[in-house]
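Everything numeric here is computed off the predicted structure, so don't read it as measured data. Every chain is numbered from 1, with letters handed out A, B, ... down the list of sequences. Note that these values count all heavy atoms, side chains included, but never hydrogens, waters or copies made by symmetry.
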Protein chains: 2
Amino acid sequence: MKSAIPETGVPITQPAAGNDRQEASLHGEILLRLRDYVVEGNIPEGGRVPERQLCEMLRISRTPLREALKVLAAEGLIELLPNRGARVRQLSPRDLEELFDVMAGLESLAGRLACESITDEEIAAIERLHYEMYGHYLHRDMHGYFQTNQQIHESIVAAARNATLKTTYANFAGRIRRVRYSANFARKRQRWAEAMREHEAILDALRRRAGSELSDILFAHLRNKRSAAIEHLAEGPDSARETAPQRS
Amino acid sequence: MKSAIPETGVPITQPAAGNDRQEASLHGEILLRLRDYVVEGNIPEGGRVPERQLCEMLRISRTPLREALKVLAAEGLIELLPNRGARVRQLSPRDLEELFDVMAGLESLAGRLACESITDEEIAAIERLHYEMYGHYLHRDMHGYFQTNQQIHESIVAAARNATLKTTYANFAGRIRRVRYSANFARKRQRWAEAMREHEAILDALRRRAGSELSDILFAHLRNKRSAAIEHLAEGPDSARETAPQRS
DNA sequence: AATACAAAAAATGAATGCAAAATGATTGAC
DNA sequence: GTCAATCATTTTGCATTCATTTTTTGTATT
């Protein structure tokens, strides 16, 4: 039987640089590596994750690996079936809806909080990102657009000055990362223009420090993304793939 | 050397009934028990949690216990110092502010979502809880008030029909449970009356399915709770203790 | 040839063992 | 008498081992 993990003899990747607080103990190292490995989509959805193989890959024994797996399961990235090993969690359409909604709630919250303490400089930085993104939009540069878009949203979360929120946000972002990426490519031209308008509204509310309003706008914005993603997956993720640039 | 754990020879409590999805494997059992044990405040803040002792207590070996500890650490309930064991996480005032704000965001989201699909029956049930709570208010029954209040908020979360949100909410609720409980006793009469008015506004918005409005009200409501809790802790948690009924 | 049963192989869950680090105590120096 | 250094004990981190459960494979029977 073929395993789900591609057999590179080399230990996966170097520990991710800017993740979050995690001690340097071997187990923590493993956790970071494994998380990135899963989030980056190196294992197909629902694919089995044989412990033995991962152990060889990471050159460690099963004990710290299993600890890491338990944590990843708690984070919702994988699921542990009793006596039947770990699988990469398969997200049902309903799961996705739920995740998007929670993300929407978190960003909405981030916006509200950001309005309480964001500085003019931070807003200026976001404005610069906005214009950069507008450039990508004009050039039809999906990849650039996606990245800058992500940066804007992360800037808002950062401006909320709430480390707990930031961590939680990162967790959820990780869970839907693959889908979210492909969801952005699902955007039809019309939706794209719409998103740009929404971003203008976001900036406007931010400038006025209108927390409650921004909260509404961000929620609606994410809700629209959700719809795009769901439709996209419904009609098959490959249909829009041709417009996607190669991923380096 | 005295340990932080009271030495009951009896294995702590029975596995919590209505917690969340967790397989019945020994490890899962342990996880549930330990989580409850910590959440219920059986270990003082910052207290050490010696593995050996817990093992004897739970009658298991260290392996599954350590797995459970890792998960609890990921959930933010305890922290693991490298080579120095586990401690119950001590929440700084800033941590509390952050946690309350995230809770506020989650409830705010729950309200918004609830407005999309809540039934008249569910609203009626919440109304009943509201009147029950009003009774507790009139009788100055803090404990009853606290419990009913909790039920109302949980009903709103349930009405959001989002299992992911519910789980996340439960997680955060667990983290601040002790503080939250005492925070409710911190309420001065004035704040209490204020909270009642806020709850009326919540119900009103809910009846009208005014999602955005409800979102604002809930956020403000939780923010006020936050303030009360912070002030309360600043002046020392014992100052209001005399009004607290005995805990069963 | 297909199905059912059985035995072997593999994988998981938990316990034990061993090395390294930390904690505490004892001893020695000033 | 106080402080510091060394040594013993405890505790943690990880590897290894043992026991079950699952999965696979081979064989026999229909």
**Student:** Quick one: does R35(B)'s side chain get under 4.5 Å of E75(B)'s, heavy atoms only?
**Tutor:** yes
**Student:** Can you give one letter per nucleotide of nucleotides 6-16 of chain C, going 5' to 3': B for a protein heavy atom under 4.0 Å from the base, S for sugar-phosphate only, - for none?
**Tutor:** -----SBBSBB
**Student:** Is any NZ, NE, NH1 or NH2 atom of the basic residue among E116(B) and R223(A) found under 4.0 Å from an Asp or Glu carboxylate oxygen of the other?
**Tutor:** yes
**Student:** Does R94(B) have any salt bridge (Lys or Arg N to Asp or Glu O under 4.0 Å) partners at least two apart in sequence or in another chain, and if so, which?
**Tutor:** E97(B), E98(B)
**Student:** Would you mind checking if E79(A) and R87(A) are paired as a salt bridge, meaning a charged N to carboxylate O distance below 4.0 Å?
**Tutor:** no
**Student:** Apply salt bridge (Lys or Arg N to Asp or Glu O under 4.0 Å) to the pair E67(A) and R62(A), showing each step before the final yes or no.
**Tutor:** CA-CA 9 Å; E67(A) 290 172 352; R62(A) 284 175 55 217; over 6 Å; no
